[in-house]
Amino acid sequence: MTSPAPSAAPVRARFAPFERLGLALVRLFDPPMRAVQRLVGVGRMPYVFLLPNALFFGVFVFLPIGINIVFSVTGGTALFPSQRPYVGGQQYAYLLDCGSYLEPATCREDHFWRGVANTLKFTIFQMIAMVLFSLAAALVLNRPIRGRGFFRAVFFFPVLLSPVVVALIWKWILQRDGLLNAVLTTAGGEKILFFVDPGWAMFWSVFVSVWAHMGFYTLILLAGLQAIPRDIYEAAEMDGTRPWRTLVRITLPLLWPNLLVVLVLVLIRSVQVFDEVFVLTGGGPGTATMMIVQYIYTTAFANQVQNFGLAAAASVLLGLVLFGLTLLQLYFTRRKAA
Amino acid sequence: MTGIARLFTARRGVGRLHWTDWVSYAFLAVAVVLMFGPVLWLVLSSFKTPAALLEFPPTLAPVAQKEVRVEGYPQPLPLFSVPMEDGTVRQLAQVRRVGIIAQMVDPASPAATVRVPVDKRTPVREVAFAFENYIEPLAKFDFLRFLGNSLFVTVVATLITLVINSMAAYALSVYEFKGKSLAMLGVIGTLMIPITIILVPVYLVVTEMGLVNSLWAVILPGAATPTGVFLLRQYMLTIPRDLIEAARMDKASEWRIYARIVMPLSLPALAVLAIFSIMWRWNDFLWPLAVLTKSEVHTLQIALNAFQGELQTQWHYLLAMTVVTLAPVAIVFAFLQRFITTGIANTGMK
Amino acid sequence: QTTLRMMWYSDGNEGEVMADLLKRFEDKNKDIKVVLDNAPFKAITETLPVQLASGQGPDIARITDMGGLAPFLLDLRPHLKDAATFEKNYGPFLEWMRVPGNTTAIPGYMTQLTVTGPFVNKTLFEQAGVPMPGPKATWEEWAKALKTVADKVKAPFPLALDRSGHRFFGLAVSQGAKVVDAKGEPAVVDEGFKRAAQLIVDWHKSGVMSKELWGSVSGAAYRGANEEFKNAQVVMYVSGSWQIAQFDKTVGDAFDWVAVPTPCGPANCSGMPGGAGLVGIKATKNPAEVARLLEWLASDEVVSEFYSRTLFVPGNLSVAKKGVAYPSAKPQAAAALKVFGEAVAAIDPAAYKIQGWTNSRIVFNAAISRIGQAVSGETTLDEAYKRIESDVAQQIAERAKKQ
Amino acid sequence: MAGLELRAIRKDYGPVAVLKGVDLSIADGEFVVFVGPSGCGKSTLLRVIAGLETVTGGAVTIDGQDVTRVPASDRGLAMVFQSYALYPHMSVYDNMAFALENMGVAKPEIDARVRRAAAMLRLTDYLARKPGALSGGQRQRVAIGRAIVRDPKIFLFDEPLSNLDAELRVATRKELAALHAEIGGTMIYVTHDQVEAMTLADRIVVLNGGRIEQVGRPLDLYNEPANLFVAGFIGSPRMNLLPAGVDAVGALTLAGRALAGVTPGAQLAGEAVTLGVRPEHVGLCAAPEADATVAVDLVEQLGGETFLYASGQADLKLTIRLDGQVGVGRGDILPVRFDRARLHVFDAAGRARPLGLAPRSPA
Amino acid sequence: MAGLELRAIRKDYGPVAVLKGVDLSIADGEFVVFVGPSGCGKSTLLRVIAGLETVTGGAVTIDGQDVTRVPASDRGLAMVFQSYALYPHMSVYDNMAFALENMGVAKPEIDARVRRAAAMLRLTDYLARKPGALSGGQRQRVAIGRAIVRDPKIFLFDEPLSNLDAELRVATRKELAALHAEIGGTMIYVTHDQVEAMTLADRIVVLNGGRIEQVGRPLDLYNEPANLFVAGFIGSPRMNLLPAGVDAVGALTLAGRALAGVTPGAQLAGEAVTLGVRPEHVGLCAAPEADATVAVDLVEQLGGETFLYASGQADLKLTIRLDGQVGVGRGDILPVRFDRARLHVFDAAGRARPLGLAPRSPA
Ligand SMILES: Nc1ncnc2c1ncn2[C@@H]1O[C@H](COP(=O)(O)OP(=O)(O)OP(=O)(O)O)[C@@H](O)[C@H]1O
Ligand SMILES: Nc1ncnc2c1ncn2[C@@H]1O[C@H](COP(=O)(O)OP(=O)(O)OP(=O)(O)O)[C@@H](O)[C@H]1O
Ligand SMILES: [Mg+2]
Ligand SMILES: [Mg+2]
């Protein structure tokens with residue numbers, strides 16, 4: 001294993017003043033930390049290092065999750081848990097009251113289930129599209145082409161835009177009188193009302209998500225491709241392998257660990273998707289692109305009655321699903337490590 | 001099929017360009033248009049006047065109708081080109097329009113009025129950047145203060161995030177200790193909680209701590225990011241154990257190993273986290289909106305979104321201000337982008 | 001010196017005008033400093049309620065959901081110099097700001113009265129050679145005329161009606177919808193309501209309306225047709241008085257646009273009133289100063305300057321009676337303002353009642369959300385009616401849950 | 001004085017015992033080399049000494065002080081890692097100075113020490129470079145330099161040359177020997193390279209399966225391996241180990257024939273033993289004198305020497321080393337004779353048994 | 001028949017010429033080894049033959065057919081990579097079967113061929129394993145197996161043993177020799193290891209700086225290096241190369257003194273030459289007979305042999321190889337004599353010059 005130093009080296013020159021500052025800080029903290037180390041012993045130092053992060057985590061993540069659970073078993077519009085009446089599993093019962101779980105329209109809270117169904121649909125489409133496109137991009141970028149760094153940046157930079165900006169840009173392009181329709185009409189076509197057709201709305205939701213995030217996944221796959229030793233390809237060539245077989249029998253199997261990572265990350269991100277799609281389609285037409293997180297957000301904030309209890313119950317259910325996915329991922333990474 | 005495969009597998013770039021090379025360059029060209037186009041479009045649009053923004057079909061470059069001053073009329077008059085009955089095309093200034101008939105004059109000889117059906121005239125336009133989209137809002141509010149707040153939040157929060165996340169990642173990557181798996185489970189479990197769904201409880205916590213309307217209310221809650229811990233830990237796992245043992249043999253304290261060995265070697269991953277953190281903080285909107293009500297602590301994102309009213313969105317300002325907020329992210333990206341590959345590659349969850 | 005914080009959102013230039021006025025106030029009242037906190041509208045609807053619920057928030061805020069936030073509002077009456085005049089000028093609107101049962105509180109004043117109403121692209125009518133229906137024409141007559149015009153001039157939107165509960169109920173009230181019964185209980189889905197909903201759905205089917213507004217977003221999301229109107233693709237745009245300033249600026253003289261009186265239904269020819277109120281917040285530490293400021297801002301002279309400079313329809317009865325001059329408006333805008341000013345008189349009491357009812361927004365949201373689904377074909381209208389009733393019932397019940 | 005004393009060191013990883021009781025004394029200034037097959041616990045033992053592993057049992061004493069529970073950073077030892085473990089982000093100077101800074105040594109003193117070490121190791125020109133910009137040999141010297149500046153009680157080396165190519169390895173080996181001669185510290189050195197062990201060590205420790213098989217001076221191990229394991233392990237190509245027997249009168253028999261003049265003694269009579277003879281102690285001879293007759297399977301002509309791989313009756317496999325170039329081909333039948341003075345006999349338990357021959361002396 | 005013919009092969013990387021015109025004929029069934037210093041172009045030449053690199057000039061002919069423009073996958077050669085380049089996600093069986101599948105060979109035929117190769121290489125028990133679960137030596141055998149199942153015209157090996165540890169290397173080397181004896185294909189083998197080259201090759205090709213220095217049978221190169229480069233490169237430890245002169249009568253002078261009995265001839269008279277003598281051809285002698293007297297700097301006792309590193313007057317540095325164990329210590333002064341029959345003289349241009357001595361023959 002080579003250490004990551006070479007890439008770090010040139011930076012040091014540029015950051016020289018920062019480095020001096022950093023060294024001063026290190027020196028400043030050294031005596032107290034040494035004292036701590038003497039006090040607790042080397043074996044307990046990891047707890048010391050974990051402490052600050054754990055504090056923040058506890059206060060701003062775990063405690064709120066706890067409060068959320070309290071919210072989910074209480075009702076009313078009051079904000080302070082102490083002022084909220086206990087309603088037991090009523091919120092959950094309300095959410096889960098369905099004629100048939102396959103048919104959102106039969107549920108009492110049909111919007112929740114429509115959100116679930118839409119999220120599921122979105123997740124599946126987006127996973128397929130994301131993997132295909134980022135794989136294609138990674139494969140092309142892995143070729144010995146000129147200006148690879150530039151193209152890598154091209155794919156990556158949308159990752160840096162905020163979801164709202166991304167959605168705004170595309171909404172601007174896709175609207176009735178937007179750029180795309182202008183192009184279509186100049187090409188002699190008809191204007192298409194993308195946000196009126198449920199199919200198109202879902203399509204563009206997925207498209208915009210892929211547009212915005214594929215750079216990240218492309219890099220993960222590219223890293224995987226570059227880690228495949230060149231000589232394996234040469235061996236395949238000596239073995240008389242045709243290109244298509246090389247792709248299917250050599251490249252893809254060897255890329256599998258990275259593909260798995262991409263799949264899991266895309267899965268998790270798509271379950272969480274919200275602002276991007278919300279700003280783009282507003283969840284419409286009808287409720288065709290209303291995602292589960294949008295449901296939660298609307299229930300808790302956007303409605304006149306800010307129904308924290310119901311929203312919390314929905315988020316706890318979502319949390320359970322996400323936790324399941326987490327365990328799945330852990331299982332896979334463990335297996336990979338083994 | 002084979003051709004397509006070759007596109008993805010051929011590895012020799014020497015000699016003539018194979019047709020697959022052309023295809024991959026075409027792919028990349030499309031990518032450049034598709035990736036850059038929208039943002040370029042945004043930037044161009046941000047220089048359009050409100051009227052031009054709404055126009056269909058839209059023009060690529062920001063254009064505005066040319067106006068001329070004509071003797072005898074106090075206001076500048078809009079200029080149109082009009083085909084005359086004799087077949088010539090003249091440029092006329094419109095005095096007024098009544099129904100479907102426009103009264104027009106030739107700027108050269110303002111005495112004679114010409115009556116033209118409205119659908120015969122086409123506006124004469126020129127490229128004009130509506131810089132006022134930028135200048136007006138920036139002048140209207142205390143831009144520097146909001147910028148300062150945003151910078152403070154971004155920088156301080158990123159620093160805190162980098163320090164505490166890297167400390168935790170260090171503990172989780174270098175040591176074996178009781179409760180390590182539990183801590184990892186906590187990190188990975190919360191990795192997947194979208195902040196949106198715990199907004200209200202966090203608001204409660206922050207209120208109870210008395211932090212409302214303080215920039216710390218924006219800085220502190222997101223400081224301990226599970227993503228950051230995870231990313232850094234994965235990277236630190238690739239640092240050879242030998243180095244840490246060598247440092248121990250060199251009588252370094254654990255703190256020094258962290259600060260002098262592990263941190264510098266994690267620079268690429270730290271840079272990636274820094275980029276992400278800067279991006280999150282800079283673009284953060286919903287949360288600051290909830291906890292910052294006083295305008296002296298408003299961040300740029302809140303201030304800029306003040307152009308979204310109940311009934312109207314002032315698009316020309318909104319687009320311009322969106323471009324303004326993009327600029328710093330672009331600069332940071334340009335500065336740190338070469339780390340991104342190594343950083344992400346090595347955190348590629350190996 | 002006391003500092004007051006005013007949370008403010010803007011649709012147009014009203015923030016600047018207010019800043020101006022505040023400066024003047026501060027010059028006159030050296031002991032009070034007012035900070036204007038400009039915020040996005042989202043902050044007013046989504047985060048302000050949370051802040052208020054937790055005891056935080058500004059001293060003064062410009063809000064639209066006055067009924068919903070009524071419990072958090074300050075009663076200025078004890079601190080006012082001349083409560084009677086205040087009540088006289090803002091009487092009908094004060095009810096909107098009070099908790100049910102309270103008849104005396106004076107929480108603030110109206111920075112703006114909005115009235116829903118239609119704008120017509122007169123040029124399109126002229127080009128099509130179709131005469132415009134007269135002042136008392138019905139919705140159906142208009143619809144027919146609009147469709148004819150649109151077909152002739154190939155405009156994709158014969159009729160555009162904002163996707164907004166407020167605008168929908170403009171139509172519904174004219175069809176006889178009451179929403180709330182005499183006891184203050186919800187009675188949303190009545191005959192008038194059904195007629196209006198049916199009209200909307202029918203119009204979409206027959207092409208009078210385009211699905212782009214009602215059929216393209218979900219929930220209670222707002223969707224207007226400003227761009228389309230500006231591009232002369234809409235023959236009649238049912239929106240409201242607040243559009244005038246915007247059209248004045250963006251349409252220019254591309255075509256002639258006029259405001260016309262709201263079309264009539266079987267019940268009346270009313271639009272929906274609405275608007276934004278500037279109110280004091282109960283949690284303030286300086287109620288007297290808040291009252292002093294609001295009383296000054298609400299005074300006839302100051303408020304008419306405000307209306308005049310912002311091109312708002314006055315929400316002050318005596319100012320309205322006197323009439324407001326709009327020197328900065330072009331002739332088309334001035335004419336439109338006049339039409340809307342007159343429309344205020346045509347507003348039906350039922351409309352005032354709906355607007356003032358605490359739960360009106362629950363109803364608005366439910367109606368829009370469900371009718372939107374019906375328009376997009378996701379459900380039937382009958383199904384939508386059921387859902388609307390259960391949505392409303394559930395939310396009102398949740399609101400009623402107290403410890 | 002920096003002596004080291006290991007007493008009954010045991011180390012388990014969970015259920016796996018890696019070190020099974022190691023006792024060893026190392027004197028001040030001694031150069032001790034650990035050898036043994038891969039996985040036998042060499043590195044583990046070194047890391048136990050360093051303090052990087054905690055022991056399961058036993059005690060480590062340095063200079064008479066029990067340091068068994070003292071953490072690595074406080075033992076005052078220096079270690080040169082197989083991978084060198086240079087800090088890639090620090091210059092050569094900083095790499096060497098790091099430990100001194102940690103100890104709180106004053107700046108000028110650090111400078112003096114680093115420059116002295118650099119001069120000794122011919123690194124002065126490279127002080128400003130990062131390790132990434134150095135050749136393998138230079139890195140190796142930096143790793144040593146990092147150890148020297150601290151003036152440690154004991155140097156520990158874990159296969160420090162195994163990353164170098166053959167030529168550099170030979171050169172660096174010579175430098176290490178010179179260095180030890182110059183600074184004379186106590187050095188403990190792990191290697192799997194025969195030549196390094198033979199040429200560098202004052203004493204070699206042969207480890208096998210977590211135990212010490214033999215400790216001794218290089219030529220002693222070569223000439224008088226205490227057991228079969230050491231006999232087979234030390235020397236390259238390895239010693240020929242031939243199954244043999246002892247007849248009733250105590251004479252050695254090979255493939256049923258008595259080997260004239262070799263009498264392990266009557267106490268082994270009737271037992272199966274192993275006869276050990278190094279390739280260089282097998283010589284060609286006239287047929288009548290032959291101890292065995294073998295057919296050549298493979299000839300390796302290296303120019304300066306020739307290896308014959310041959311086989312005889314009863315599965316007899318012999319490696320024969322001859323000087324210079326030999327005109328022997330595959331399939332040739334050769335009578336061979338073993339150098340009587342250089343034979344080794346091991347009993348069934350693998351222990352070396354005296355042969356009662358005249359004492360050996362260097363040629 | 002699978003002969004190979006390289007004609008004027010040139011290869012540039014941009015402005016850098018790596019191969020500068022290589023001509024070589026390799027006969028069917030021959031085992032040819034390429035040696036040369038690092039970076040001399042060995043791998044490049046091999047890859048040119050394989051078709052993995054395009055040439056800048058020249059032609060490659062296999063079996064009389066010009067294949068210069070034929071891509072690697074169609075040349076029908078097999079290559080064993082230094083890193084083995086086994087497909088890590090396929091079992092040993094699949095690794096070996098992959099090429100056959102590519103060729104569209106029928107399943108039963110594939111199975112038969114793979115099993116035969118596996119049996120030959122003693123891999124039958126590991127056929128189901130992934131490469132990750134194999135030892136270095138086993139991997140190496142899989143890499144070879146992958147090559148032999150295809151029954152290629154020519155085998156190419158690029159330093160196939162360099163990843164193995166010393167012991168495994170020796171063992172695998174022997175296996176390779178046996179394999180060649182068994183299947184008898186044409187083999188081209190790149191190595192930087194002296195011993196491999198000497199023991200495996202039918203002919204050795206010495207490359208230097210992109211050119212061939214000498215081609216010949218191993219012992220011919222060892223005994224009669226054509227030039228200074230080959231002399232220094234072949235043999236380990238390397239030949240002692242001493243600056244010498246030729247006096248007016250054509251006799252060799254070393255450090256000013258004539259070396260009795262060595263007369264490169266009058267045509268070199270007055271020129272500076274280099275005297276080459278291998279470490280094993282330097283012997284200790286009585287003082288009067290000495291060609292030089294040197295002081296010992298370092299003694300390396302390897303048990304079976306001893307290396308002395310010594311220096312004498314006028315910067316004379318000598319490596320001396322002695323058999324067995326020698327009682328010589330550092331600082332000892334030794335008179336030494338060169339074996340007259342084994343001396344080499346190179347002129348100023350580095351070319352070997354005949355010495356006019358009696359012809360040599362293997363001992
Ligand atoms: N952390 C560990 N957990 C379990 N077993 C271990 C661990 N570290 C080492 N071992 C085992 O201990 C034994 C000794 O390992 P060690 O590294 O000391 O061997 P070594 O003699 O240095 O071998 P090499 O010559 O290959 O370096 C090996 O069998 C190894 O598998
Ligand atoms: N792709 C390339 N671009 C430029 N130069 C190259 C390239 N590949 C090899 N070289 C150069 O060509 C020369 C010969 O390389 P080659 O790999 O053939 O050497 P080698 O003899 O195999 O060396 P080694 O023994 O180290 O493997 C080297 O100097 C190398 O730097
Ligand atoms: Mg080891
Ligand atoms: Mg090579």
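The sequence lines fix the lettering, A, B, ..., with proteins before strands; numbering per chain opens at 1.
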Exercise for the section: List for me each residue that meets salt bridge (charged side-chain N to carboxylate O under 4.0 Å, His left out) alongside C:Glu95, sequence neighbours excluded, and say none if there are none. Expected result: none
Report which part of [X] has an atom under 4.5 Å of a heavy atom belonging to chain A: side chain, backbone, both, or neither.
{"X": "C:Ser376", "answer": "side chain"}
{"X": "C:Ser369", "answer": "side chain"}
{"X": "C:Val375", "answer": "neither"}
{"X": "C:Ser54", "answer": "both"}
{"X": "C:Arg223", "answer": "neither"}
{"X": "C:Thr379", "answer": "side chain"}

Handout entry: C:Trp214 side chain to C:Leu161 backbone, donor-acceptor under 3.5 Å
Key =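 Checking the backbone N and O of C:Leu161 against the side chain of C:Trp214, a donor-acceptor pair under 3.5 Å is found.
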Counting heavy-atom pairs under 4.5 Å with chain C, which one of [options] comes out on top?
{"options": "A:Phe278, A:Tyr297, A:Phe194, A:Phe308", "result": "A:Tyr297"}
{"options": "A:Leu79, A:Asn307, A:Asp110", "result": "A:Asp110"}
{"options": "A:Arg114, A:Gln175, A:Gln294, A:His111", "result": "A:His111"}

Exercise for the section: Flag the pair C:Asp382 and C:Lys386 as a salt bridge only when some basic side-chain nitrogen lies within less than 4.0 angstrom of an acidic carboxylate oxygen. Expected result: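 No, this pair does not count.
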When only pairs under 4.5 Å are counted, which of [options] shares the most heavy-atom pairs with chain A?
{"options": "C:Lys211, C:Glu228, C:Gln395, C:Glu383", "result": "C:Gln395"}
{"options": "C:Gly68, C:Ser210, C:Ala400, C:Pro156", "result": "C:Pro156"}
{"options": "C:Asn365, C:Val50, C:Thr45", "result": "C:Val50"}

Practice task
Give a yes or no on whether the ring-centroid distance for A:Phe195 and A:Trp200 is below 6.0 angstrom.
Solution key: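 No, too far apart.
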Handout entry: A:Trp170 ring center near A:Trp211 ring center (under 6.0 Å)
Key =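 Distance test on ring centres: under 6.0 Å, yes.
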Handout entry: Aromatic C:Tyr222 / basic C:Arg163 pairing, under 6.0 angstrom, 45° off normal
Key =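 C:Arg163 over C:Tyr222 ring: no.
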Practice task
Under 4.5 Å heavy-atom distance to chain C, tell me which part of A:Ala288 shows up: side chain, backbone, both or neither.
Solution key: both
Fill in the blank from the handout: Okay, A:Thr281 and chain C: the region with an atom under 4.5 Å from a heavy atom over there is backbone
Practice task
Report yes if some heavy atom in the side chain of C:Leu48 is under 4.5 Å from a heavy atom in the side chain of C:Phe72; otherwise report no.
Solution key: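 Not in contact.
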Practice task
Check whether any side-chain heavy atom of C:Val235 lies under 4.5 Å from a side-chain heavy atom of C:Phe157, and answer yes or no.
Solution key: no
Handout entry: Verdict with reasoning, A:Glu109 to A:Tyr295, per side chain to side chain donor-acceptor pair (under 3.5 Å)
Key = CA-CA 10 Å; A:Glu109 188 62 352; A:Tyr295 167 80; 2.6 Å; yes
